[in-house]
Amino acid sequence: MTAFTVALVLVVAAAGLLRWRRPAWYWLAFGVTLAALRVLVRYRSVMDACGLTVPPARWRLSLARATNQPIPEPRPPRIRRLWPTRTGLVLRLKLRPGQDVFDIAAASDRLRHSFSMFGVTSREVRSGVVEVRMTGYDVLKRVQMPAETETLPMRVPVALREDGSVHYRDYRAIPHALTLGATESGKSVYQRNLVAGLAPLDVALVGIDCKQGVELFPLASRFSALADSPDTAAELLDALVARMADVYRLIRTQQRITVDVPDAEIAADIWDLPEELRPTPVVVLVDEVAELALYAMKEEERRRDRIITALVRLAQLGRAAGIYLEICGQRFGSELGKGITMLRAQLTGRTAHRLNDETSANMAFGDIAPDAVLAAIQIPAELRGLAIAGDSSGGWHRIRAPHTSLRQAVNLCNRYADRTPDMPELAPFRPTTGTATELVPSAKAAPATA
C-alpha cells in the first residue's frame, strides 16, 4: 500500500509539473483522456443546461402516452465523432431539427466552462453538421507549429490559431492582404515568417521598405527587387504595372478561344497557362504604407498620387497576372489621402496586431467583421505577436506567429537564394548582396513570440 501511495504521489507531481512547464506534453499524456471522459459523461446534462436540446418528437410523446411510459427527455445534438488532437478535442455533432449552427456558436463560452476546456470554437461543416473544436490549454502562450503542414502552391503556414489549427496565407484564395500593428506589436515577426515560408517556393519577392531598408534589406538574397525610398518605390511600382500588362498580353495570346476548346482549358490567369509558359508569380511586400502616402511639398504630392494609383491598379488587376500585395503599416486611415479607402477595398485579407487607436481597427475590420474591432484593440501590450486575422467572409480568428529572429530569416533566405528568379524588367531594382553570408547558428529562441 505504501509503494502504491508513493507511486500515485509521484504521478500526480509529474502531471502537475508537466501542466505547469510543458502543457502540450501534459495534454498528450493525461489531459486528453480526462477531457474525453469529462465530455462524454457530462454531455447530455451540459447540453440541456446550455439550452441546446429540443423537445422529443410528437410521435414519441404519443407513443409514451399510449403505452403509459415516462415522457421522453429532450434530445441534444447527436455525437457523430469525437477525436483528440495535439492541442484539444474535436467534436462533430449532428443537429436536431429546429437547431442552428448559431445556437452552438452562442453557447461556446458556456460549453468552455462546463467542459473545463481552455477554449471552444465551432464551424459548420455542411448543412446540419457542426464541428466543435476544444483546446485543452493556451496554445498561443508558447507557439509551437506542427512538424508537418499542408503544402500547396502559393500557400504558406505563418501562424497558429487559438483553436490549435494552422493559419495559412493562401495567395490563390486571398490574393491581397493588409497587416497592421503598432510599434513592438509583433508585426515584423509576422512578416519574417511570411518571407521564410515563401523563400523555398517558386515565387519572386519584391520589397518596399522606406525605413532605409532596415527590415527587408537583410533578407535581400531572396528578393528580386527592393526599394528603400518613396522615389525608388514609385519607379518599382511602375515597372510592376508594366509587367502586369505584359503578362495579360501573354494570357491573351494563349487563351485558345475556339469552338473546339473546352471551357476548362481557356486561359484566364497565369495558373491556366502551360507550366513552361507560366510567368513567375510575384509577391510585393510594402513594409510601411503610410510613408508612401505622406507628402510635404507639391512634388511629393504628385509622387504620392503616382504611388497610390499604381498600388490600386495592382490590387484591382494584379491577381490574374500573378502579382499579390502584402500591405503593412502601423497606421491606416482615411487621413492618408485619396485612394486609400479604394486600396483597402481590394485587400481581402486583414491582420491586425495590437493597435494604438480604434480608427485603424475600424479600417481593418469595420467593413468585414465589426465584432473583430473590439478584439483587435483589446490585445494586451505584453502579448507581442498576438493578432486578429479575418477576411471578407466575416470570420475572424486570434492567431500568433512563432518567434523567428532576424538571423533565422536571413539564414533561410541565404539558403534559398538560388531560387531568386531573374526578372529583366526588375533588374534595375535588384539588390546587390555580394557573397552570400555564411549561415550562423541562431540564438536560442525566446519562450514567447515577438
Side-chain angles (χ1 to χ4, degrees), residues 87-88 90 100-109 111-112 117-125 130-135 138-141 143 145 155-182 185-187 189-191 193-194 325-333 341 344-380 383-402 449:
T87 58
V90 179
D100 190 82
V101 62
F102 294 106
D103 298 335
I104 306 293
S108 294
D109 202 46
L111 293 175
R112 176 174 68 89
M117 303 296 285
F118 183 82
V120 173
T121 59
S122 62
R123 70 180 184 92
E124 185 177 12
V125 179
V130 176
E131 186 176 274
V132 180
R133 300 186 68 94
M134 298 178 280
T135 50
D138 187 1
V139 298
L140 300 183
K141 184 177 181 180
V143 178
M145 297 291 284
R155 186 172 186 253
V156 295
V158 291
L160 199 65
R161 292 182 177 178
E162 61 179 338
D163 62 359
S165 60
V166 177
H167 180 72
Y168 292 91
R169 179 69 179 93
D170 190 344
Y171 289 93
R172 299 283 299 275
I174 302 176
H176 312 301
L178 172 66
T179 303
L180 299 177
S185 65
K187 176 169 56 68
V189 174
Y190 178 85
Q191 193 176 59
N193 277 278
L194 194 58
L325 298 182
E326 285 286 343
I327 307 295
C328 302
Q330 299 180 30
R331 182 79 174 84
F332 197 84
T341 53
R344 181 194 67 162
Q346 304 297 326
L347 305 177
T348 309
R350 311 286 174 84
T351 303
H353 295 74
R354 178 178 54 83
L355 297 170
N356 291 330
D357 61 299
E358 189 176 347
T359 306
S360 292
N362 278 316
M363 285 294 284
F365 297 114
D367 58 332
I368 61 170
D371 53 338
V373 174
L374 185 61
I377 62 177
Q378 287 182 339
I379 297 176
L383 287 180
R384 298 172 60 191
L386 189 65
I388 307 298
D391 54 50
S392 58
S393 67
W396 58 276
H397 308 272
R398 286 183 179 85
I399 65 169
R400 199 178 191 187
T449 55

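Position 1 is the first residue of the sequence; numbering continues from there. Just so it is clear, the structure is predicted and the values come from calculations on it, not from any experiment.
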Verdict with supporting geometry, His353 and Thr179, side-chain contact (heavy atoms from CB on, under 4.5 Å)
CA-CA 8 Å; His353 295 74; Thr179 303; 4.0 Å; yes
Practice prompt. Identify whether the distance between the nearest side-chain nitrogen and carboxylate oxygen of Glu326 and Arg169 falls below 4.0 Å.
Written response: yes
Is any side-chain heavy atom of [X] closer than 4.5 Å to a side-chain heavy atom of [Y]?
X	Y	answer
Val139	Phe118	no
Phe332	Leu178	yes
Val132	Val90	no
Ser185	Arg384	no
Asp163	Arg398	no
Arg155	Arg172	no
Val130	Val125	no

Search all heavy atoms of [X] against all heavy atoms of [Y] and return the closest pair with its distance.
X	Y	value
Gly164	Thr87	CA-OG1, 3.5 Å
Arg400	Leu140	NH1-O, 2.6 Å
Met145	Ala159	CE-O, 3.5 Å
Leu180	Ser360	CD1-O, 3.7 Å
Cys328	Lys187	CB-CD, 4.4 Å
Gly181	Leu355	N-CD2, 3.8 Å

- Message: Between Asn193 and Pro402 (side chain of the first, backbone of the second, donor and acceptor by atom type, cut-off under 3.5 Å), is there such a pair?
- Response: yes
Are any side-chain N or O atoms of Thr135 and backbone N or O atoms of Gly119, one a donor and one an acceptor, separated by less than 3.5 Å?
yes
Original post:
Does a donor on one side chain sit under 3.5 Å from an acceptor on the other, for Thr121 and Arg133?
Top reply: no
Taking atom [atom1] of [X] and atom [atom2] of [Y], what is their separation to the nearest 0.5 Å?
X	Y	atom1	atom2	answer
His176	Gln346	NE2	CD	7.0 Å
Leu383	Asp138	CG	CG	8.0 Å
Glu124	Asp100	CD	CG	7.5 Å
Arg354	Gln330	CZ	CD	10.0 Å
Leu347	Leu325	CG	CG	7.0 Å

Verdict with supporting geometry, Val158 and His167, side-chain contact (heavy atoms from CB on, under 4.5 Å) | CA-CA 6 Å; Val158 291; His167 180 72; 3.7 Å; yes
What verdict does the side-chain contact (heavy atoms from CB on, under 4.5 Å) test give for Leu194 and Val156, after you've listed the backbone C-alpha separation in whole Å, the side-chain angles of each residue and the deciding distance to 0.1 Å?
CA-CA 7 Å; Leu194 194 58; Val156 295; 4.1 Å; yes
Chi angles and distances behind the side-chain contact (heavy atoms from CB on, under 4.5 Å) call for Ile388, Ile379:
CA-CA 9 Å; Ile388 307 298; Ile379 297 176; 4.1 Å; yes
